[in-house]
Amino acid sequence: MSNKKRENRKKNTGENKKRSIKEKMTEFLELPKEIVLDMPKTTLLGNGNMLVENYKGIIEYDVNRIRINTSKGIIKVTGDNLFIKEITSEDLMIYGDIASVEFLK
Amino acid sequence: MLLLRLWNYIRGYVIILVEGYFLEKFVNICIKRQIYLWDVKRQKNSKMMLKISIKGFKLLRPIARKTGCSVRIIRKRGLPFIINRYRARKTFILGSIVFIALFYAMTSFVWTVEVVGNEKVETQMIIDTLEDMGIKPGVVKFRVDTQSIANSIILDIDGLSWVNVIVRGTKLKVEVAEGVERPLIIPKDEPCDLVAVKDGIIKSILVKEGHQLVKEGDTVKKGQVLISGTIPILNEDNFRIVHAMGEVLARTWYENKQEVCLKVVDNVRTGNKKDNISLVTFWRRIPLLNRKINFNNHEKVEIEKIISIGEDLVLPFGFVVERYYEYIVVEADVSIEEAKAHAAENAYEEILEFIPKEAKIVDVKVTFVNKDDDILYADVIVECIEDIGITKEIGGE
């Protein structure tokens with residue numbers, strides 16, 4: 001049990017260390033984080049215009065709720081009259097009255 | 001964004017309705033296969049409306065089968081569809097191309113020549129000059145060198161101070177400005193008298209040079225010397241000879257008589273008319289409808305209509321309608337008052353032709369005289385004030 005625990009901890013710390021180095025490097029070199037770290041980039045323009053870059057796919061699409069799968073978990077957008085203005089493999093543009101944006105793990 | 005929309009329109013796209021339970025999956029697979037979607041609108045009852053390029057639409061069938069969605073085309077938009085629609089109508093396209101080509105050909109000629117701005121120089125004279133240069137209706141527009149034409153016109157025709165030639169549409173427009181005429185140079189070394197041109201009573205006399213022979217209120221006869229060019233020198237027998245100048249205003253009278261007619265001959269149109277229509281192309285007449293005119297008396301009116309687009313694009317086609325009106329001669333009695341007024345007016349109009357432009361009409365008197373044979377005459381006397389002086393060489397004619 002204790003061995004396993006230790007192994008687990010080791011793995012965790014290793015991962016953390018690795019990630020942080022990568023993050024530090026990108027910060028140091030001023031590289032775009034969303035590409036190097038594979039993170040989604042969301043841009044909100046007021047509450048009517050949302051651009052999500054570097055996403056994985058859409059999980060749910062409705063007039064009142066859109067859930068988007070990303071590497072950092074699921075982004076849930078709720079609101080009224082939501083619709084996808086444009087969708088490509090890199091970015092997704094949502095128009096409508098956005099009420100909330102949530103990050104679900 | 002506008003550019004993107006325009007691009008999409010040029011490439012062509014379809015609006016489709018996707019129906020099924022796994023719409024998200026459908027969209028995800030589309031994205032994975034690099035199919036660009038836009039304006040994805042979710043509707044109720046597991047329906048979704050979206051726009052997709054033509055290329056993408058062709059790849060949609062396997063995806064639809066995989067996700068169990070049905071795809072229906074709502075609308076096709078864009079240039080490719082429009083082109084496709086007309087692909088079958090070959091003659092239509094050919095016709096439109098021929099039309100454009102013909103239109104271009106027709107409008108690359110000069111069909112009318114217009115002259116503006118001339119008052120003294122006759123329009124016909126300018127047009128004739130242009131014709132001598134080879135510029136007339138039917139000339140190819142691009143060969144017309146407006147600059148050199150303008151230069152030649154200004155050299156050829158006297159009295160023009162500025163000429164501009166523009167080709168606008170199928171119209172060649174010649175804008176001219178006339179110069180101010182050179183003032184008359186008075187030959188001062190030529191000895192002259194100032195004599196009366198016509199009879200009259202002197203109203204005022206202004207001597208600029210010479211010896212005044214008449215004074216205000218004098219009655220002068222035609223040919224009488226008003227201002228003499230020979231000035232006697234006081235206490236000497238000698239003369240000084242000058243060129244007499246001055247302004248002599250005099251009252252003059254003009255008279256005209258006109259018979260008062262109680263019967264008036266008038267042409268009254270009966271209402272019958274006939275039209276002869278001819279087509280005009282390249283200023284050649286082709287009669288389309290040519291009927292015999294069997295009216296006893298007729299009046300001919302020509303109505304010409306040249307087809308033009310706008311004001312400047314005159315085409316070499318047109319119609320001429322020759323309209324013949326039948327009329328009958330009617331003799332009518334008029335009241336004495338009316339006849340009198342008519343005669344007086346006629347007499348007055350006739351007089352006006354004799355009165356020089358510079359003269360000022362002061363008074364018009366109308367009297368009616370009964371001459372022998374009981375014919376009534378309208379006698380119109382017009383009183384004018386005018387300059388009656390004219391120079392005449394001493395010893396000359």
Next on the checklist: Tell me whether the rings of B/Phe142 and B/Tyr104 are parallel (<30°), tilted (30 to 60°) or perpendicular (>60°).
Outcome noted: parallel
Checklist entry - Heavy-atom distance under 4.5 Å to chain A: side chain of B/Ile52, backbone, both or neither? => result neither
Checklist entry - How close do B/Asn151 and B/Ile154 get, heavy atom to heavy atom, and via which atoms? => result O-CG2, 3.1 Å
Item to check | A/Thr70 and A/Asn54: CA distance, side-chain angles, deciding distance, side-chain hydrogen bond (donor to acceptor under 3.5 Å, both in side chains) verdict | outcome: CA-CA 7 Å; A/Thr70 69; A/Asn54 213 0; over 6 Å; no
Checklist entry - Around atom CG of A/Leu104, are there more than 12 heavy atoms of other residues, nucleotides or ligands at under 6.0 Å? => result yes
Checklist entry - Does the ring center of B/Trp7 lie less than 6.0 Å from the ring center of B/Tyr9? => result no
Next on the checklist: Heavy-atom cut-off 4.5 Å, strictly under: side chain, backbone, both or neither for B/Leu23 against chain A?
Outcome noted: neither
Next on the checklist: Is A/Leu82 close to chain B through its backbone or its side chain, or both, or neither, when contacts mean heavy atoms under 4.5 Å?
Outcome noted: neither
Next on the checklist: Counting only non-hydrogen atoms closer than 4.5 Å, can you tell me which residues of residues 41-50 of chain B sit against chain A?
Outcome noted: B/Lys41, B/Arg42, B/Met48
Checklist entry - For A/Glu90 and A/Tyr55, does a side-chain donor sit closer than 3.5 Å to a side-chain acceptor? => result no
Checklist entry - So which residues of residues 58-76 of chain B are in contact with chain A at a heavy-atom cut-off of under 4.5 Å? => result none
Checklist entry - Which atom names give the shortest non-hydrogen contact between B/Val165 and B/Ile153, and what distance separates them? => result CG2-CD1, 4.4 Å
Checklist entry - Hey, does the side chain of A/Asn49 reach the backbone of A/Leu45 with a donor-acceptor pair shorter than 3.5 angstrom? => result no
Checklist entry - Can you name the nearest heavy-atom pair linking B/Thr107 to B/Phe103, along with the distance? => result OG1-O, 2.7 Å
Checklist entry - Any idea which heavy atoms bring A/Gly48 and A/Ile98 closest together, and the distance? => result C-CD1, 4.4 Å
Checklist entry - Knowing that exactly one of B/Asn118, B/Val163, B/Val113 qualifies, which makes a side chain to side chain contact (heavy atoms under 4.5 Å, CB included) with B/Ile126? => result B/Asn118
